[in-house]
Amino acid sequence: MSKSPKVNRGRTLARSQALQILFQAEALNESVDRVLSGDYLLSKGPLDDYAAAIARGCWAHRARIDAALRAVSERWSLERMPGPDRNLLRLAVYELRFAPEAIRLDEAIVIDEAVEVAKAYGTDESARFVNGVLGRIVREPVLPGEPTAEEGSAEDAPEGADVPARAGE
């Protein structure tokens, strides 16, 4: 019996929604806030607060996240990656390295969730690709663009992002 992707429960649904919001922002060449203020599309709704928070946070740190992804993505430029994979990697890197400590989860949970969402939205190769890139991310002690200790570790959420308290998975 095949296992269906878990895109309908808890934080997995929120990540799925955040991915959809980021994809729309990129496709429309608009900010996440602009997308959220208009008529956005979700496969399942209503929009979860965590989804909005991580989409906004990811968008706010996108240049730094992209620098980190470029540093570990051998033979794949960011622009060459399929849109769902690129945006899913951005979300996962945000959660792994740029999100406020209060909402950070264990690396294994973030990677597992990203792989599950990749199975639902990506190509046949997406789950393996996402797993490999995120594995390289977690093995790097410091990534290009990652905040230094002097800058803080993204303790302050981006403006407009009410980050829900971490309540398990």
Side-chain angles (χ1 to χ4, degrees), residues 7 10-38 40-43 45 47-73 76-79 81-107 109-118 120-122 126 129-131 133-138 140 142-147 151-166 169:
V7 292
R11 292 271 172 108
T12 306
L13 174 61
R15 287 179 184 93
S16 172
Q17 290 179 338
L19 173 62
Q20 293 171 57
I21 295 299
L22 284 178
F23 191 83
Q24 290 172 64
E26 187 176 63
L28 297 170
N29 199 29
E30 296 283 356
S31 71
V32 164
D33 283 332
R34 180 87 178 209
V35 169
L36 290 173
S37 70
Y40 55 87
L41 300 172
L42 295 176
S43 60
L47 182 64
D48 185 279
D49 290 341
Y50 186 72
I54 62 173
R56 283 184 171 113
C58 180
W59 193 261
H61 294 282
R62 194 173 51 143
R64 289 176 147 184
I65 292 167
D66 285 358
L69 286 169
R70 283 187 177 95
V72 300
S73 299
W76 278 96
S77 70
L78 220 49
E79 297 73 25
M81 292 177 193
D85 293 358
R86 178 178 49 249
N87 285 298
L88 181 55
L89 286 168
R90 285 172 172 157
L91 279 170
V93 172
Y94 172 74
E95 284 190 283
L96 288 167
R97 295 292 186 88
F98 294 88
E101 287 291 328
I103 66 165
R104 272 199 206 161
L105 297 171
D106 182 73
E107 293 171 344
I109 292 171
V110 173
I111 293 171
D112 182 59
E113 289 283 315
V115 168
E116 287 301 317
V117 175
Y121 290 97
S126 292
F129 176 70
V130 165
N131 189 54
V133 171
L134 294 178
R136 286 195 244 22
I137 290 285
V138 299
E140 289 293 323
V142 177
L143 296 165
E146 190 170 17
E151 292 176 301
S153 60
E155 284 299 316
D156 297 319
E159 188 173 323
D162 292 326
V163 180
R166 176 160 67 185
E169 182 45 25

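Values below: every heavy atom of this structure, side chains too, minus hydrogens, waters and symmetry copies. Bear in mind that the values here come from a model prediction, so they are computed numbers and not experimental data. Note that the numbering runs from 1 along the sequence shown for the chain.
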Handout entry: salt bridge (charged side-chain N to carboxylate O under 4.0 Å, His left out) involving Glu30 - partner list, sequence neighbours excluded
Key = Arg34

Fill in the blank from the handout: Closest non-hydrogen atoms of Ala55 and Val32, given as atom of the first, atom of the second and distance, are O-CG2, 3.8 Å

Handout entry: Gap separating the CG atom of Leu78 from the CG atom of Asp66, nearest 0.5 angstrom
Key = 4.5 Å

Handout entry: Note, Leu13 side chain near Asp48 side chain (heavy atom, < 4.5 Å)
Key = no

Exercise for the section: Without swapping roles, check the side chain of Gln20 against the backbone of Ser16 for a donor-acceptor pair under 3.5 Å. Expected result: yes

Practice task
Using a 4.5 Å cut-off on heavy atoms from C-beta on, say whether the side chain of Ile65 contacts that of Arg62.
Solution key: no

Problem - Gap separating the CD1 atom of Ile21 from the CG atom of Leu36, nearest 0.5 angstrom - result: 5.0 Å

Completion exercise
Closest non-hydrogen atoms of Ala18 and Ala51, given as atom of the first, atom of the second and distance, are CB-O, 3.5 Å

Problem - Sidechain-backbone polar pair: Glu95 side chain, Ile54 backbone, donor-acceptor under 3.5 Å - result: no

Handout entry: Test item: Arg97 side-chain N/O and Ile137 main-chain N/O as donor-acceptor pair under 3.5 Å
Key = yes

Problem - Short side-chain to backbone donor-acceptor contact, Glu26 and Gly83, under 3.5 Å - result: no

Handout entry: Working for side-chain contact (heavy atoms from CB on, under 4.5 Å), residues Val138 and Val110
Key = CA-CA 11 Å; Val138 299; Val110 173; over 6 Å; no

Exercise for the section: Taking the side chain as every heavy atom from C-beta outward, state whether Val72 and Leu134 have any atom pair closer than 4.5 Å. Expected result: no

Fill in the blank from the handout: CG of Asp112 to OG1 of Thr12, rounded to nearest 0.5 Å, is 8.0 Å

Completion exercise
Closest heavy-atom pair, Ser126 versus Asp85, reported as atoms and distance to 0.1 Å, is OG-OD1, 2.7 Å

Exercise for the section: Report yes if some heavy atom in the side chain of Tyr121 is under 4.5 Å from a heavy atom in the side chain of Leu88; otherwise report no. Expected result: no

Problem - Within 45° cone of Trp59 ring axis and under 6.0 Å: Arg56 NZ or CZ - result: no

Problem - CD1-CZ distance between Ile109 and Arg11, expressed to the nearest 0.5 angstrom - result: 10.0 Å

Problem - Within-4.5 Å side-chain heavy-atom neighbours: Trp76 and Val133 - result: no

Handout entry: Among Leu96, Leu19, Val117, the one residue meeting side chain to side chain contact (heavy atoms under 4.5 Å, CB included) with Leu91
Key = Leu19

Completion exercise
CZ (Arg90) and CZ (Phe98) are apart, to the nearest 0.5 Å, by 12.5 Å

